[in-house]
2 protein chains.
Amino acid sequence: MMGVIMPFERNVEIYGEDEPADYLYKVVSGAVRTYKILADGRRQIGAFYLPGDVFGLEMGSAHTFSSEAIADSKVLVIKRSSVATLAASNNSVAQQLWTITARELRRVEARLMLLIKTAEERVAGFLLEMIKRSNDAGTVELPMSRQDIADYLGLTIETVSRTMTQLEHSAAIALPSSRRVVIRNRSALNRLNG
Amino acid sequence: MMGVIMPFERNVEIYGEDEPADYLYKVVSGAVRTYKILADGRRQIGAFYLPGDVFGLEMGSAHTFSSEAIADSKVLVIKRSSVATLAASNNSVAQQLWTITARELRRVEARLMLLIKTAEERVAGFLLEMIKRSNDAGTVELPMSRQDIADYLGLTIETVSRTMTQLEHSAAIALPSSRRVVIRNRSALNRLNG
DNA sequence: CGTGCAGTTGAGCAAATTCAACGCTTGTGG
DNA sequence: CCACAAGCGTTGAATTTGCTCAACTGCACG
């Protein structure tokens, strides 16, 4: 599929909320977050995107979230109109667009389930999600900060930090460094996942 | 579009989680909720569907939520395979399927934004959503119980009840009966909606 | 080195939950 | 027609959870 690979430095905006959605994007390397800022300054992270993930695909004409590179990243940028043209003639492309949206829906629904739970369950669920999306089943290198995780889970950085420490003390995980998580007891995490 | 209209009594299951998704559904009258039950008995409501809304449309082969009629309802039941056949030849049908999924995604994302907020903001946001989806802009008849609302917003019935009372005292709404809500001060609700 | 940023930890506080009691409405049976 | 039970909603008091404010640590970078 056509498109151009563009580099984005850490914390640089890829697109803004309400901007025309003329392009869609695929993470090649690095990581991306989408987010909204509320009137009072609170930020909600919409999703994290890792290499291979497509983001910025909209039905309407504008983006509903803003997006930024979490780390220095390379992103494949594809003109939406060219995809639309393809989809009009090629049924399997149309199918793929639907699949991407449906997968997105599944992920958001899974997160809904997280957000009704306690802090410990949210963090455990988040770690399991990150593990599942990474290649290595035993260790995850988190590309995002504690603030990003907090805004993703609807918690404060302090609560995220305390909960991580708590999970470490209960031997569910190990934290060789703050961004590196080793799963020590997956079933304990699964149990928390309700 | 073909299909059969079926009646469902209050609290009767329409389909269960993990059951084969051979049909999709459209609310004709009444109201429907989708939900999941967690291991410890907590329930999370996935969505409320009102007349005109389509639900139970899946990409995969199984339903990801269970669904029940909230009140006595009539539901148009459509065989999925017949829709799939149509979509294969007719591009605009395929487009419509995508649109339904995308709209669902938007709604869930909007709810994500709600779930990171305070109880008062969640309830205000819920009422605004219900008002927007109803015809009358000034009054809503809520088809669902306080327990349903609580499970939708990730709160307890007590907190929902107290918050409603509080909104009534602050003159944002009036409650002629527990299921009937009159909007008295929409801008106050919007302010809470952040 | 020192400065700044990210993360951790602690103490006190506010918000929502839990537990419990009570009121209102509805339906059922005597 | 009244009595009573059941379901739903509201209200109150005590408790718990996560938040706020604040101090402190470790680390990277100039």
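Letters go in sequence order (proteins before strands), and every chain restarts at 1.
- To the nearest angstrom, C1' of C/dG7 lies 17 Å from CZ of A/R180.
- In this structure, A/S161 reaches the C/dT8 phosphate: one of its side-chain N or O atoms is under 4.0 Å from OP1 or OP2.
- When atom types are taken as modelled, the side chain of A/R33 and the backbone of A/I70 share no donor-acceptor pair closer than 3.5 angstrom.
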- Message: Applying ring pair (Phe, Tyr, Trp, His ring centres under 6.0 Å) to B/Y15 and B/Y25, what does each step give before you reach the verdict?
- Response: CA-CA 10 Å; B/Y15 57 78; B/Y25 306 82; 5.3 Å; yes
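- Contact annotation: A/R179 reaches the phosphate of C/dG7 (side-chain N/O to OP1 or OP2, under 4.0 Å).
- Sorted by first and then second residue, the salt bridge (charged side-chain N to carboxylate O under 4.0 Å, His left out) pairs involving residues 173-194 of chain B (not counting sequence neighbours) are B/E141-B/R180.
- Set against C/dG7, C/dT17, D/dG9, the side chain of B/T156 has C/dT17 as its closest nucleotide.
- With no hydrogens or angles considered, a side-chain donor-acceptor pair links B/R111 and B/Y152 at under 3.5 Å.
- A donor-acceptor contact under 3.5 Å is formed by the side chain of B/R162 with the base of D/dG12.
- Contacts between residues 113-124 of chain A and DNA chain D, counted as heavy-atom distances below 4.0 Å, involve A/T118, A/A119.
- Of the candidates B/T64, B/L105, B/L112, A/E109 forms a side-chain contact (heavy atoms from CB on, under 4.5 Å) with just one, namely B/T64.
- Atom CG of A/L192 and atom C1' of D/dT17 are 16 Å apart (whole Å).
- Expressed to the nearest 0.5 Å, how far OH of A/Y35 lies from CD of A/Q44 amounts to 13.0 Å.
- Put simply, CG on A/L155 is 17 Å from P on C/dA15, counting in whole angstrom units.
- If you check every strand for non-hydrogen atoms under 4.0 Å, B/T159 touches a base.
- With 3.5 Å as the limit, one finds no donor-acceptor pair spanning the side chains of A/Q95 and A/N91.
- For A/I157 and D/dG18, the CD1 to P distance is 16 Å, given to the nearest whole Å.
- For the pair B/M164 CE and D/dT11 C1', the computed distance is 16 Å after rounding to whole Å.
- To the nearest angstrom, C1' of D/dG26 lies 15 Å from CG of A/L175.
- When each of B/E158 and B/R10 is assigned the nucleotide of DNA chain D bearing its nearest heavy atom, the one mapping closer to the 5' terminus is B/R10.
- At C/dA6, none of the side-chain N or O atoms of A/S178 fall inside 4.0 Å of OP1 or OP2 (strictly under the cut-off).
- When rounded to the nearest whole Å, the span between CZ of B/R146 and C1' of C/dA16 equals 17 Å.
- Across the protein-nucleic acid pair, B/Q166 atom CD and D/dG12 atom P stand 13 Å apart, rounded to whole Å.
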